[in-house]
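Input: a single structure, listed below in structure tokens.
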Amino acid sequence: MGIKHVIKLFLPPIILKIRDKVCKRKRIQKTILPEKMIAYNYYVKSMKRKKLPFSEIFVLSEDFTFDEINSITTDKDEANFYGDFFILNQYCNSIFPPFPPLKFSIQHGVIFFAEKWEKNKSKITNLVWSNRIAEIFRNELNCNSVIPIGSPFFYAKSLLTEDEIKYEKKRLGKNLLAFPMHSTHWVLCKYNPEHFISVLKQQQNNFDTIRVCLYWKDIQKGAAEPFLKEGFECVTCGHIFDPYFLQRQKSLFEIADATISNRIGSQAGYSIGMNKPHWIVPDPFDKIDDGNPTVYEDSIISGIKEKDFMYITEAFLDNSSFVITKEQRKIVEDFWGLSCIKSPEELKQMIYNCYTNEGGGVTERNTELPSNFGKQTQNRYGL
């Protein structure tokens with residue numbers, strides 16, 4: 001009897017399982033090129049985070065390394081914000097490589113006008129949320145290759161199973177999901193949370209549980225402490241480069257009965273799109289440059305655009321009774337683009353065109369998607 005056979009007889013199965021995993025990882029390291037190994041490590045880290053409870057806010061908000069982020073991006077990393085491209089690719093049955101096309105961008109948050117950082121997008125393909133946003137891009141950026149597809153959030157599957165969602169709803173009872181205003185990866189958002197916390201406390205009479213969903217950047221800066229101190233359960237959707245961000249967010253909305261925030265944001269449209277009432281309780285705030293002043297411009301460009309911003313905000317004010325109005329649904333259609341959502345076949349063709357035309361978008365040169373396309377380009381990382 002050989003030594004290997006003796007080891008298998010006496011070692012616990014869990015030890016053998018760990019050994020096999022280690023050996024498998026070593027084989028992968030030997031066969032994958034160094035630059036691809038970095039991408040592999042990124043996805044391994046993402047998979048580990050995928051299994052964590054949403055309340056593990058500090059681990060889920062940890063930064064990925066620069067090399068890991070760089071390994072999944074092309075010329076423009078915005079397509080990977082919040083797992084946008086990953087979600088769209090998943091919706092297309094993962095027939096594309098895990099890396100977005102060149103000269104390609106996906107709108108990652110609600111916008112009401114062309115921000116300063118949008119102005120370098122005139123020569124690339126832009127997937128935007130709605131027809132109204134598409135018009136803004138065409139008129140203000142002189143951008144011809146703009147395709148409205150609806151928010152990627154609505155393409156995302158829940159990260160939780162139906163049974164897990166039922167369990168959470170039973171555990172939490174009638175629950176309110178709160179979204180404090182958040183920073184960006186370039187700009188810090190500072191405000192006094194006392195007023196928002198006082199409103200949440202008042203709502204404890206109307207809800208069994210109140211959960212506070214915090215942004216990764218703010219968690220890193222200590223923004224969770226006031227809410228944790230008051231006994232609220234804090235959760236997060238994860239890091240901006242976490243491919244499972246939108247799937248966590250989808251789960252949180254599926255569990256919630258209503259949502260609340262203290263500034264207009266993408267959460268308002270997601271909430272209405274999922275038939276969850278939303279209430280905005282405004283708070284004064286300051287935004288402080290965090291190292292890249294050319295990226296952020298805090299002023300609203302014109303009175304008309306300011307009117308749009310205020311109109312949308314006002315539609316969600318004074319909504320302490322948590323109702324959904326026709327006006328809110330129209331706003332969500334105009335800016336979140338529910339009617340622009342594509343079928344898997346339509347989206348496959350659009351993204352395929354971006355690969356074959358090197359980011360040229362919809363042109364006369366577009367070719368039909370081959371029937372066998374994707375068999376060799378399945379996500380090799382097994383996500």
Side-chain angles (χ1 to χ4, degrees), residues 36 39 42-43 69-109 111 114-115 117-157 240-241 243 245-246 336-337 339-381 383:
K36 290 187 178 180
Y42 162 80
Y43 285 113
I69 293 171
N70 196 48
S71 72
I72 62 163
T73 60
T74 51
D75 61 329
K76 197 162 188 63
D77 58 9
E78 187 182 21
N80 287 307
F81 286 177
Y82 310 117
D84 279 357
F85 182 73
F86 171 71
I87 291 299
L88 297 184
N89 193 8
Q90 191 179 61
Y91 182 72
C92 296
N93 297 317
S94 299
I95 69 167
F96 299 108
F99 315 102
L102 294 171
K103 300 180 182 179
F104 177 83
S105 182
I106 305 172
Q107 180 186 340
H108 64 274
I111 61 174
E115 297 275 11
W117 57 81
E118 310 283 359
K119 295 182 180 179
N120 62 350
K121 297 181 178 180
S122 60
K123 296 182 180 179
I124 67 174
T125 297
N126 294 276
L127 302 189
V128 299
W129 292 5
S130 70
N131 290 314
R132 186 159 181 168
I133 301 302
E135 285 302 309
I136 290 173
F137 270 57
R138 293 185 187 110
N139 295 335
E140 297 185 23
L141 305 181
N142 193 27
C143 182
N144 293 321
S145 188
V146 187
I147 309 169
I149 65 165
S151 169
F153 170 85
F154 297 113
Y155 293 83
K157 298 177 182 178
I240 188 173
F241 282 108
F245 185 103
L246 287 180
W336 279 259
S339 68
C340 296
I341 294 173
K342 307 301 180 187
S343 68
E345 291 70 27
E346 290 173 323
L347 193 61
K348 285 176 188 177
Q349 185 66 60
M350 288 176 182
I351 296 177
Y352 177 69
N353 292 340
C354 292
Y355 280 107
T356 56
N357 295 330
E358 298 182 352
V362 179
T363 71
E364 293 179 359
R365 295 185 297 110
N366 290 339
T367 55
E368 187 176 351
L369 180 69
S371 59
N372 64 343
F373 183 79
K375 290 184 179 179
Q376 289 78 37
T377 59
Q378 290 289 338
N379 191 330
R380 72 196 70 141
Y381 301 102
L383 280 165

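Worth knowing before you read on, the calculation uses all heavy atoms, side chains too, and leaves out hydrogens, waters and symmetry mates. It should be emphasised that the depicted structure is a prediction, and the values quoted were computed from it without experimental measurement.
The line from CG of Asn80 to OG of Ser105 is 10.5 Å long, rounded to the nearest 0.5 Å. Taking OG from Ser145 and CG from Asn126, the interatomic distance works out to 7.0 Å, rounded to the nearest 0.5 Å. Rounded to the nearest 0.5 angstrom, His108 NE2 and Ser151 OG are separated by 11.5 Å. If you take CD on Glu346 and CD1 on Ile149, they are separated by 11.0 Å, rounding to the nearest 0.5 Å. Rounding to the nearest 0.5 Å gives a distance of 4.0 Å between NZ of Lys342 and CE of Met350. Atoms CG and CG, from Leu88 and Leu127 in turn, are 7.0 Å apart once rounded to the nearest 0.5 Å.
Phe245 pairs by the ring-ring contact (aromatic ring centres under 6.0 Å, His included) definition with Tyr82, not counting sequence neighbours. Here Tyr91 pairs with Tyr155, Pro344, Leu347 under the side-chain contact (heavy atoms from CB on, under 4.5 Å) rule; sequence neighbours left out.
The minimum heavy-atom distance between Asn89 and Ile95, with the atom names listed, is OD1-N, 3.3 Å. When all heavy atoms are compared, the tightest approach of Arg138 to Val146 is NH2-O, 3.2 Å. Taking each heavy atom of Phe85 and Pro97 in turn, the nearest pair found is CE2-O, 3.4 Å. Residues Ala79 and Ile106 approach most closely at O-CD1, 3.8 Å, considering heavy atoms. Nearest heavy-atom pair, Phe104 versus Pro101, reported as atom, atom and distance to 0.1 Å: CB-O, 3.3 Å. Pairing each heavy atom of Gly109 with each of Trp129, the nearest pair is C-CH2, 3.5 Å.
Glu135 and Asn131 share no side-chain donor-acceptor pair at under 3.5 Å.
Side-chain contact between Ile133 and Pro148 is absent, with no heavy-atom pair separated by less than 4.5 Å.
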